[in-house]
Amino acid sequence: MTAPMVRCRQVRKSFGRLEVLRGIDLVIERGQVVCVVGPSGSGKSTLLRCLNHLEEPQAGRIHVDGELIGYEERGGRLRPLPDARLRRQRESIGMVFQRFHLFPHRTALGNVMEGLVAVQGVRVPDARKRAGELLDRVGLADRAHHYPAQLSGGQQQRVAIARSLAMSPKLMLFDEPTSALDPELVGEVLEVMKDLAASGMTMIVVTHEMGFAREVGDHLVFMDDGLIIEEGPPRKVLAAPTHERTRAFLSKVL
Amino acid sequence: MDRTADERVRAADPAPAELDTAQANRISHPVRPGRWLAAGVVALVLVWLGWSIAVNPNLHWDIVVDYQFDRVILEGLWVTIQLTVASMLIGVVLGVVVALMQTSASRILRTGATAYVWFFRGTPLLVQLIFWFNIALIFPEIGLGVPFGGPKLMTWETNALVTGFVAALLGLSINEGAYMSEIVRAGLRAVDPGQQEAAAALGMSRAKIMRRVVLPQAMRIIVPPTGNQFISMLKTTSLVSVIAGADLLTVAQRLYLTNFEVIALLIVASIWYLVLTTVASVGQYFLERRFSRGFGTTVPGTLRGRIGRNLRFTGSAR
């Protein structure tokens with residue numbers, strides 16, 4: 001019996017007086033695709049950013065693959081993890097951002113190579129070969145030498161996914177990956193994500209794409225006001241939400 | 001990589017052949033008499049100015065020619081170049097360090113950086129130069145050892161250590177560091193914070209994020225004003241003539257104090273300053289182009305186009 005990929009216990013986070021996460025409990029099994037939905041300001045993105053410690057939760061524990069994220073327990077107290085070990089944790093958790101955040105001064109190939117060369121110390125020729133394969137996997141082999149500014153939003157996001165995959169992560173986080181895209185470009189990104197899910201990757205996707213959640217998701221989490229209100233199989237939650245707030249939200253987006 | 005940048009520059013200029021095929025759709029622009037009149041007046045003034053300078057017997061052009069490549073002048077020119085390059089290099093390094101201090105989480109580092117900028121931007125450079133030149137009045141000896149009055153390993157006499165050149169270098173570079181730190185800070189701030197997050201999410205260390213992700217992008221913002229600082233520094237070095245810095249202006253002054261050809265020697269010096277700034281402008285263009293990679297629209301035209309813009313009397317007919 002192996003540990004779940006992600007286990008959150010009573011995770012809390014506030015910005016000043018504003019409580020964004022008010023005690024999140026969540027378990028995600030290996031290979032699951034979990035879609036997190038909910039109104040804006042409900043804490044979905046913050047939860048995602050806590051998982052790779054881009055935000056430091058103020059209370060609670062997050063374990064990824066059995067490892068406590070961002071802290072270590074010594075003498076019964078939590079202490080911040082030394083930088084080098086935090087970096088190793090982040091390396092194994094891929095993250096895709098709403099606004100892509102590709103490195104504009106590097107080509108598509110250079111973006112995918114960056115982590116291999118700068119973090120994993122892979123030699124440049126090997127990194128170039130591996131990056132080329134990953135660009136091919138997201139269907140952008142012919143755009144390898146384009147700069148991000150010369151690519152469409154959909155292409156940029158696919159490069160960003162390839163950049164994360166280059167680190168061979170065990171978990172992929174997607175923070176509204178299609179929200180900044182023109183409608184006709186959403187499909188190509190979802191297609192890449194669907195392939196990734198089929199390959200067995202554990203994925204957490206904050207999204208407004210209910211179609212994707214229903215079709216690809218194994219589990220759906222509905223958040224509101226810093227709490228998980230309802231969760232379960234996507235088809236069931238989307239078709240017959242049990243909670244009033246879930247019903248109200250879904251009636252607006254479906 | 002460079003090839004694609006070149007192609008982009010070229011693509012910005014439409015091919016002439018395409019324009020010819022569009023004859024039928026040509027737009028005829030109205031004649032603008034006011035603009036032509038203004039251009040005529042300016043041209044007349046320029047020609048008259050040029051003529052009166054060329055034929056003016058008080059300007060002693062023959063002496064200008066004699067001294068333009070004089071050995072003493074060239075030595076001063078060399079000192080000016082050395083001072084400019086060295087002060088800028090030290091100034092840029094100081095600027096980056098101080099800018100990073102200002103973004104630090106440590107309040108002491110931030111306060112130190114702010115105090116440095118406050119002091120060296122707040123006092124005149126001329127005063128700072130004279131101050132460094134006379135530093136021996138405050139610290140007659142400089143030593144290596146335990147601070148706060150502890151034993152010393154070695155000591156030097158300050159006057160022997162701080163020559164005119166060293167004082168000039170200290171004054172110029174430390175002052176430059178204060179201005180450069182503001183330029184670097186603006187550059188760092190212009191980089192989207194998402195860039196640091198994306199790099200951190202890959203597992204990069206803070207130092208690597210700075211070196212590989214943030215600084216290369218900040219350079220695009222930093223390089224143009226730094227070019228200006230360099231060009232400004234070329235001429236600011238002339239201030240060190242007050243502390244016998246042996247730069248271009250100092251040697252020109254020494255010469256005219258003996259032969260009284262004040263105007264001719266100032267022209268000689270000015271011509272060299274113009275040559276230096278022109279060369280620096282060309283260098284700036286290539287640096288800007290290098291750091292604009294991946295930022296399509298910011299390449300500021302071709303070099304020829306840029307010079308041409310400054311040579312044309314009237315603007316394009318748009």
Side-chain angles (χ1 to χ4, degrees), chain A residues 45 48-49 51-55 82-121 144-151 159-160 163-169 171-173 175 180, chain B residues 1-12 100 104-106 184 187-224 286-300:
Chain A
S45 290
L48 212 59
R49 294 161 59 82
L51 289 179
N52 68 352
H53 212 63
L54 279 182
E55 302 289 356
D83 246 20
R85 285 178 55 198
L86 175 61
R87 292 203 299 272
R88 215 159 307 134
Q89 290 184 341
R90 282 179 174 158
E91 193 186 324
S92 65
I93 303 172
M95 183 156 200
V96 173
F97 299 86
Q98 181 179 2
R99 309 283 322 278
F100 331 135
H101 296 324
L102 288 182
F103 306 130
H105 58 304
R106 300 205 192 279
T107 60
L109 194 71
N111 267 278
V112 183
M113 286 168 65
E114 184 66 17
L116 291 169
V117 174
V119 178
Q120 300 189 333
H145 298 291
H146 285 58
Y147 284 94
Q150 299 166 311
L151 299 172
V159 173
R163 175 175 69 175
S164 290
L165 289 179
M167 311 308 285
S168 313
L171 169 68
M172 284 285 284
L173 311 174
D175 189 3
Chain B
M1 279 183 171
D2 280 324
R3 203 171 53 84
T4 48
D6 276 354
E7 280 168 3
R8 214 179 313 119
V9 174
R10 251 178 261 129
L100 291 179
S104 162
S106 155
V184 173
L188 293 179
R189 272 223 308 241
V191 178
D192 180 357
Q195 290 289 310
Q196 301 197 37
E197 289 189 348
L202 287 177
M204 262 196 237
S205 68
R206 251 189 274 261
K208 269 191 184 144
I209 292 173
M210 197 44 76
R211 210 175 61 236
R212 295 187 62 106
V213 176
V214 177
L215 273 179
Q217 294 179 58
M219 286 303 275
R220 192 175 59 94
I221 311 290
I222 293 170
V223 163
F286 283 106
L287 262 183
E288 278 179 33
R289 201 174 62 168
R290 168 70 176 73
F291 284 106
S292 300
R293 281 189 319 185
F295 292 90
T297 55
T298 52
V299 180

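Values below: every heavy atom of this structure, side chains too, minus hydrogens, waters and symmetry copies. Per chain, numbering begins at 1; letters A, B, ... match sequence-line order.
Interface remark: A/Pro104 contributes backbone and side-chain atoms alike to the contact with chain B (heavy atom separation under 4.5 Å). When heavy atoms are compared at a cutoff of 4.5 Å, A/Leu86 does not approach chain B at all.
Put simply, the residue from A/Gln120, A/Glu91, A/Arg163, A/Arg90 that forms a side chain to side chain contact (heavy atoms under 4.5 Å, CB included) with B/Leu202 is A/Arg163.
Interface remark: of the candidates A/Ala118, A/Gly115, A/Pro169, A/Ala118 forms the most heavy-atom pairs closer than 4.5 Å to chain B. Interface check for chain B: of the options A/Arg88, A/Gln89, A/His146, A/Arg49, the most heavy-atom pairs under 4.5 Å are formed by A/Arg49.
Of all non-hydrogen atoms in B/Gln195 and A/Leu102, the two that sit nearest each other are NE2-O, 2.7 Å. Considering all non-hydrogen atoms of both residues, A/His101 and B/Ala198 come closest at O-CB, 3.6 Å.
When the heavy atoms of residues 92-100 of chain A are compared with those of chain B, the residues falling under 4.5 Å are A/Ile93, A/Met95, A/Phe97, listed by number.
Using a distance-only test at 3.5 Å, with no hydrogens or angles considered, a donor-acceptor pair links the side chain of A/His105 to the main chain of B/Arg212.
Here the CD-CG distance, from B/Gln196 to A/Leu54, works out to 11.0 Å after rounding to the nearest 0.5 Å.
Taking the side chain as every heavy atom from C-beta outward, A/Glu114 and B/Lys208 never approach each other to under 4.5 Å.
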